[in-house]
Amino acid sequence: MFKRARNTAKSADWRSTFARRVLTALLAVVLLPAVAASVEAGDPLLAYGARIVGDDARTRIVIDFDREPRFSVHYIANPERIVIDLPATAFGFPAKDLAARGLFKDIRYGKMDEESARIVLTTAGPVKLALAKVQADEAGKGHRLVLDAEMIDKQAFAELVKTQSWSDRTEAAQTTSAIPAPEKAAPGDFVIAVDAGHGGIDTGAIGVDTKTEEKQVTLAFAKALTDRLNKEPGIKAFLTREDDEFLSLSQRVLIARQNHAGLFISLHADTLKQKDIRGATVYTISDKASDKLAADLAERENLSDQIAGKETVAEPPEVADILLDLTRRETQAFSISLAESVLNSFKDQVGTINNPHRHAGFRVLQAPDVPSILLELGFLSNAEDEKLLLDETWRGKTVGLLTEAVKRYRAAVMANGG
Ligand SMILES: [Zn+2]
């Protein structure tokens, strides 16, 4: 009796367990795709831990994720880089845990756009991933991405680059879809593209004192400037990027041109080796740099695409086009006139470096038909400048002076029938 009862109970138990399992399995089949899809569309993956070990012969990187990451690997030459593309990912581990070592001389990771993130490993020479796989964590804490790099010869690397099929999705997606149009620009409005330097995987410079990231400083300033400019009748300002995402230099130029901008203002706050140098600088484009400081700065700014794992696109050969040449010259004259107007406004109000109007070959200033300046607001390598760059009162004052400069420039252009 006892035994039977127990048997019955056991079988009932078994039946209910079985039923529960079937139900769970069924629910999993029905619900999982929905759950997975909602997770994919909403929450980014969380990369919560990272380690790097090894030497110049072999280097291993391990990154811990809360869920299984889909990933793809690509190789880029000049300089040699390995690009790991991921879905949207929040990188939550300390930067020191994934500091460059062994075969990797530079490691960057961060957001590309709303749907994607990227890790860019710049290598000391030709390298390939002998192993790149995702493993479930034994403790059930998620998944880990394991990357084992080893040295190969130049020819083998060239072969890797050649045989992979890859078109950079992030470039295509952003070029076609993410062109922000200025709101309610009426015909005759003076349209201004305000460009917050750097963003996403490209953090830009890092402040000496409070470790402020340049990409944050430029975005906060760009937003304040856009808001201030839009208070002026007949002016419509817009941002090339509205949040922390990566835009290539050519995308920035393209966005300005496609929105028929009459001005392009790129904002920066870089660092210099000479920590005592402080104050603003206004740059316009030129083939030949005005000085060494300008040349070095332009060279570093032009590295932005490389940092983000973009292929170096060969500049199209200069076409001998008299009309284009004329446009370029006229645009350059307008750019210089804006730069002078800005520096007039800053006089005795905003500190500037010596010879504050300089020029160099900044790729972000190369629109042939949009007058463009690059404004270094100050230097994050100088502690006092860093303080100012984070100060809202200073920002408000500077934004007001820039607006005055833009208005004066516009009045002069209109007086000349522009
Ligand atoms: Zn910069």
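The figures here come from the full heavy-atom set of this structure, side chains too, leaving out hydrogens, waters and symmetry mates.
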Legend entry - Sidechain N-carboxylate O distance under 4.0 Å for R58, E150: yes
Legend entry - Distance in Å, E245 CD paired with L219 CG, rounded so as to fall on 0.5 Å steps: 10.0 Å
Inset, instruction - Taking E213 for its side chain and G204 for its backbone only, find out whether a donor-acceptor pair lies under 3.5 Å. - result: no
Legend entry - Any side-chain heavy-atom pair of H268 and E301 under 4.5 Å: yes
Inset, instruction - Please confirm whether the backbone N or O of F379 pairs with a side-chain atom of S381, one donor and one acceptor, at under 3.5 Å? - result: no
Inset, instruction - For the residue pair L46 and T89, establish whether any side-chain heavy-atom pair is separated by less than 4.5 Å. - result: no
Inset, instruction - Working to the nearest 0.5 Å, report the span between NZ of K275 and CG of L380. - result: 11.0 Å
Legend entry - Check against side-chain hydrogen bond (donor to acceptor under 3.5 Å, both in side chains), H357 and E340: CA-CA 8 Å; H357 180 190; E340 282 164 1; 4.6 Å; no
Legend entry - Salt bridge present between R278 and D276 (N-O < 4.0 angstrom): no
Inset, instruction - Kindly check if the number of other-residue, nucleotide or ligand heavy atoms within 6.0 Å of CD (Q274) is above 12? - result: yes
Inset, instruction - Look up atom CG in L229 and atom CG in L225, then write down how far apart they are to the nearest 0.5 Å. - result: 4.5 Å
Legend entry - Expected output: side-chain K288 to main-chain A360 donor-acceptor under 3.5 Å: no
Inset, instruction - May I ask you to decide if P368's main-chain N or O and T327's side chain share a donor-acceptor pair within less than 3.5 Å? - result: no
Legend entry - For E376 against L297, the heavy-atom pair lying closest together: OE2-CD2, 3.2 Å
Legend entry - L401 backbone acceptor or donor facing Q349 side chain under 3.5 Å: no
Inset, instruction - Please tell me if the side chains of D369 and R257 come closer than 4.5 Å, counting only heavy atoms from C-beta onward. - result: yes
Inset, instruction - Count the heavy atoms of every other residue, nucleotide or ligand shown that sit under 6.0 Å from NZ of K397, and state whether that count exceeds 12. - result: yes
Legend entry - Under 3.5 Å: donor-acceptor pair, side chain of T123, backbone of P126: no
Legend entry - Non-hydrogen side-chain atoms of V120 and I82 separated by less than 4.5 Å: no
Legend entry - Within 6.0 Å of NZ in K128, more than 12 heavy atoms from elsewhere: no
Inset, instruction - Could you check whether the rings of F91 and Y109 sit parallel, tilted or perpendicular, using 30° and 60° as the cut-offs? - result: tilted
Legend entry - Charged N-O contact under 4.0 Å between R358 and D291: yes
Legend entry - Ion pair check, D296 and R300, cut-off under 4.0 Å: no
Legend entry - Shortest non-hydrogen contact between D106 and A100, atoms and distance: N-CB, 3.8 Å
Legend entry - Heavy-atom pair of closest approach, residues D244 and R241: CA-NH1, 3.8 Å
Legend entry - Sole residue of I107, V62, L121 in side chain to side chain contact (heavy atoms under 4.5 Å, CB included) with I52: I107
Legend entry - Check: L247 main-chain N/O paired with R252 side-chain donor or acceptor under 3.5 Å: yes
Legend entry - Residue among D195, L365, L267 satisfying side chain to side chain contact (heavy atoms under 4.5 Å, CB included) with L374: L365
Legend entry - L343 versus T352, closest heavy-atom pair with distance: CD2-CG2, 4.0 Å
Inset, instruction - Given side-chain hydrogen bond (donor to acceptor under 3.5 Å, both in side chains), test D113 with S116 step by step and report yes or no. - result: CA-CA 5 Å; D113 56 30; S116 64; 2.9 Å; yes
Inset, instruction - Output yes when a side-chain donor or acceptor of E214 lies under 3.5 Å from a complementary backbone atom of A269, and no otherwise. - result: yes
Inset, instruction - Find the distance between CG (D189) and NE2 (H260) and round it off to the nearest 0.5 Å. - result: 13.0 Å
Legend entry - D202 side-chain N/O to L303 backbone N/O, donor-acceptor pair under 3.5 Å: no
Inset, instruction - Take the angle between the ring planes of F157 and Y75 and call it parallel below 30°, perpendicular above 60°, tilted in between. - result: perpendicular
Legend entry - Check: R329 side chain, L324 main-chain N or O, donor-acceptor pair, under 3.5 Å: no
Inset, instruction - Please name the pair of heavy atoms, one in A261 and one in V370, separated by the smallest distance, quoted to 0.1 Å. - result: O-CG1, 3.6 Å
Inset, instruction - Give the intermediate values and the outcome of side-chain hydrogen bond (donor to acceptor under 3.5 Å, both in side chains) for residues T284 and Q332. - result: CA-CA 8 Å; T284 48; Q332 175 138 7; 5.4 Å; no
Legend entry - Flag for R108-T122: side-chain donor and acceptor within less than 3.5 Å: no
Legend entry - Over 12 non-hydrogen atoms of neighbours within 6.0 angstrom of CG in D287: no
Inset, instruction - Answer yes when D227 and K223 have at least one side-chain N-carboxylate O distance shorter than 4.0 Å, and no when they do not. - result: no
Legend entry - Minimum heavy-atom distance Q164-H74, with the two atoms named: OE1-CA, 3.4 Å
Legend entry - Pair K387 + D209, salt bridge at N-O below 4.0 Å: no
Inset, instruction - Before accepting this row, confirm whether a basic side-chain N of the pair D97/R51 lies closer than 4.0 Å to the acidic partner's carboxylate O. - result: no
Legend entry - Atom pair NZ/CG of K133 and L145 - distance to nearest 0.5 Å: 11.0 Å
Legend entry - N-O pairing of E80 and K154 below 4.0 Å: yes
Legend entry - is_close_aromatic(Y48, F93), centroid dist under 6.0 Å: no
Inset, instruction - Hey, could you give me the CZ/CD1 distance between F264 and I255, rounded to the nearest 0.5 Å? - result: 9.0 Å
Inset, instruction - State whether D305 and R363 are salt-bridged, where the test is any N-O pair (Lys NZ or Arg NE/NH1/NH2 against Asp/Glu carboxylate O) under 4.0 Å. - result: yes
Inset, instruction - Could you tell me whether K141 and E138 have a side-chain N and a carboxylate O separated by less than 4.0 Å? - result: no
